[in-house]
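Please read the structure below before turning to the comments.
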Amino acid sequence: MQVSLSLSLSQISLVLCLLSCASLIGARYTPDWASLDSRPLPEWYDEVKFGIFVHWGVFSVPAFGSEWFWWNWRGAHVSDYVQFMIKNYPPGFSYPDFAPDFHAQFFDPDEWADIFEASGAKYVVLTSKHHEGFTNWGSPYSWNWNSVDNGPHRDLVGDLGNAIRKRSLHYGLYNSLYEWFNPIYLSDKEAGFKTQDYVAKKAMPELITLVNRYKPDLIWSDGDWEAPDTYWNSTEFLAWLYNDSPVKDVVVTNDRWGNGCYCKHGGYFNCADKFTPGQLPNHKWEKCQSVDTISWGYRRNMKLTELMDLPSIIKDLVYTVALGGNYLLNVGPTADGVIAPVFEERLRGIGVWLKINGEAIYGTKPWRVQAENATVLAWYTSKNTSTVYAIFTSNPMQNSFKLSMPKTSDSTVVTLLGNPEPLKWAPLKSTGLIILLPDLPFSLAEAWTLKLDGVA
């Protein structure tokens, strides 16, 4: 009897132990913001820092004004768009008539992936569906309004994803929750979003199918702002995504899950397009920016003066990373599937700069001070406990460079990234140092990095 009792107690103890371990390992998130917001952000996202955004769709065919072409023409009736159609297309021409001309005949996913890899980006986010509702994959919920049934007759999402992952880059997908002219959505909207037919029949089953089929590392949600998250069933979807989806352990999400969610709920925060905080945020964030400052989609009428030059992009990247953010830079391909040479030039230029200065970007953390007006403005990033990088985006035009914030010691070593020789330096009276710079190497990006080892 004693043996039997002993075995029984051991079994009970084992069961309790297993239950305890299971509760720690398999903690499940409930469909409410308090629970979902407690999920730690997968570490890969903060490490990578820099990604490429790709806006591509039927809007790339007219390629006029912006990717909001359909809405500006038929929704807001903006004069420039209306006149463009009157002058260039016959009466009765509708927006869906553009789709057959979305040929993508020059789309080479490996070529795109090579360009993105050369840029130094570590993740890529493609529009799987913009507000026009056209899906760049064969969605069973978007009959004849997708890239397999119409236009390219290709699975654009799948083809690019395969090429991206062959290069060990992370692959993310943008998805618009709403669709401007979807009649089911408009019916729900007319009912004050008290009905959810569009969510039940289109938005959610389509999004779940997208995740199951392509297993994205990141979901960039958008098109949410007209309705609350309760209409979209956002918390239910995210609970499934974090608990049971095939990407539950790695997937990253943003904050666009319903009116009022921006900068408040979700994974990392976008807050707004081209969000630029004035100080260090207390939550992981991302700045999405476009090389074309006017549009996210390709424009045939873009001008060189409307594009960010390389120094402007690098300044924006450095500012963002110094304040703890990720930088997602957009390019819009043509309807033919070409990344315009001017965009490619910008991306490859970033890559050249990152080959030398990338250690001051990738895997870094914000330092105790994010910037100082030194000899010229310097932005700080850090690694470990005693390595600090000071990135300056203008040439000081002198050999002495003063930094007042780092606290030096006898073991402090200063180098210029790209130049292995230690630089001479001297401490200032209380804190900081003055550094003797070599002649700065030519930089198309007009940015250089000082590495300070052994500082506090």
Side-chain angles (χ1 to χ4, degrees), residues 40-53 113-125 164-172 217-218 220 250-252 254 267-269 280-281 283-289 310-331 346-371 378-393 413-420 441 443-453 455:
L41 193 71
E43 290 183 4
W44 73 262
Y45 181 75
D46 187 50
E47 293 288 316
V48 297
K49 303 300 182 187
F50 174 47
I52 301 297
F53 213 175
D114 284 342
I115 294 170
F116 299 152
E117 184 179 39
S119 76
K122 303 299 183 184
Y123 65 111
V124 177
V125 180
I164 292 297
R165 285 174 164 144
K166 280 193 295 186
R167 288 153 182 82
S168 299
L169 305 180
H170 290 276
Y171 189 45
D217 297 327
L218 185 153
W220 214 100
V250 299
V251 72
V252 173
N254 65 346
Y268 65 85
F269 292 167
L280 181 66
H283 190 94
K284 182 63 186 181
W285 64 285
E286 176 188 75
K287 179 171 186 175
C288 58
Q289 177 66 277
L310 182 59
S312 298
I313 292 170
I314 296 299
K315 284 180 182 178
D316 212 23
L317 167 66
V318 169
Y319 170 93
T320 300
V321 174
L323 267 66
N326 275 27
Y327 192 64
L328 186 64
L329 184 66
N330 177 78
V331 293
R346 297 293 191 271
L347 297 184
R348 292 188 181 276
I350 299 167
V352 169
W353 187 82
L354 284 171
K355 278 186 179 179
I356 297 171
N357 300 277
E359 72 168 273
I361 300 296
Y362 305 123
T364 59
K365 301 290 183 185
W367 195 44
R368 59 179 174 83
V369 177
Q370 287 76 63
W379 292 95
Y380 289 110
T381 62
S382 68
K383 279 183 182 173
N384 308 317
T385 57
S386 61
T387 300
V388 173
Y389 302 92
I391 308 169
F392 50 104
T393 55
V413 176
V414 181
T415 53
L416 180 74
L417 292 187
N419 183 347
S443 171
L444 282 172
E446 299 176 11
W448 301 264
T449 304
L450 289 168
K451 180 180 181 180
L452 295 85
D453 283 310
V455 297

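This one's a predicted model, so the numbers in the text were calculated from it and none came from an experiment.
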**OP:** Can you sort out the partners of R348 under side-chain contact (heavy atoms from CB on, under 4.5 Å), two or more places apart, ordered by chain and number?
**Re:** I115, A118, E344
Rounded distance [0.5 Å steps], [atom1] in [X] versus [atom2] in [Y]:
{"X": "K365", "Y": "T387", "atom1": "NZ", "atom2": "OG1", "result": "14.5 Å"}
{"X": "I314", "Y": "W448", "atom1": "CD1", "atom2": "CH2", "result": "11.5 Å"}
{"X": "D217", "Y": "Y123", "atom1": "CG", "atom2": "OH", "result": "12.0 Å"}
{"X": "I361", "Y": "T449", "atom1": "CD1", "atom2": "OG1", "result": "7.0 Å"}
{"X": "L317", "Y": "W353", "atom1": "CG", "atom2": "CH2", "result": "6.0 Å"}
{"X": "I391", "Y": "Y319", "atom1": "CD1", "atom2": "OH", "result": "14.0 Å"}

Nearest heavy-atom pair of [X] and [Y]: which atoms, and what distance?
{"X": "C288", "Y": "W220", "answer": "SG-CZ2, 3.9 Å"}
{"X": "A360", "Y": "T381", "answer": "O-OG1, 2.8 Å"}
{"X": "A121", "Y": "L169", "answer": "O-CD2, 3.4 Å"}

With a 4.5 Å limit on heavy-atom distance, are the side chains of [X] and [Y] in contact?
{"X": "K122", "Y": "E47", "result": "no"}
{"X": "W44", "Y": "V252", "result": "yes"}
{"X": "Y380", "Y": "Q370", "result": "no"}
{"X": "N326", "Y": "K284", "result": "yes"}
{"X": "L354", "Y": "Y362", "result": "yes"}
{"X": "L323", "Y": "W379", "result": "yes"}
{"X": "V318", "Y": "Y327", "result": "no"}
{"X": "Y45", "Y": "E286", "result": "yes"}

Original post:
Where the side chain of T320 meets the backbone of G325, is there a donor-acceptor pair that is under 3.5 Å apart?
Top reply: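 No; zero donor-acceptor contacts below 3.5 Å.
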Original post:
Can you list the steps and then say if F392 with L450 is a side chain to side chain contact (heavy atoms under 4.5 Å, CB included)?
Top reply: CA-CA 8 Å; F392 50 104; L450 289 168; 3.8 Å; yes
**OP:** Using the side chain to side chain contact (heavy atoms under 4.5 Å, CB included) rule, take L328 and I52 through it: C-alpha gap first, then chi angles, then the decisive distance, then the call.
**Re:** CA-CA 5 Å; L328 186 64; I52 301 297; 5.6 Å; no
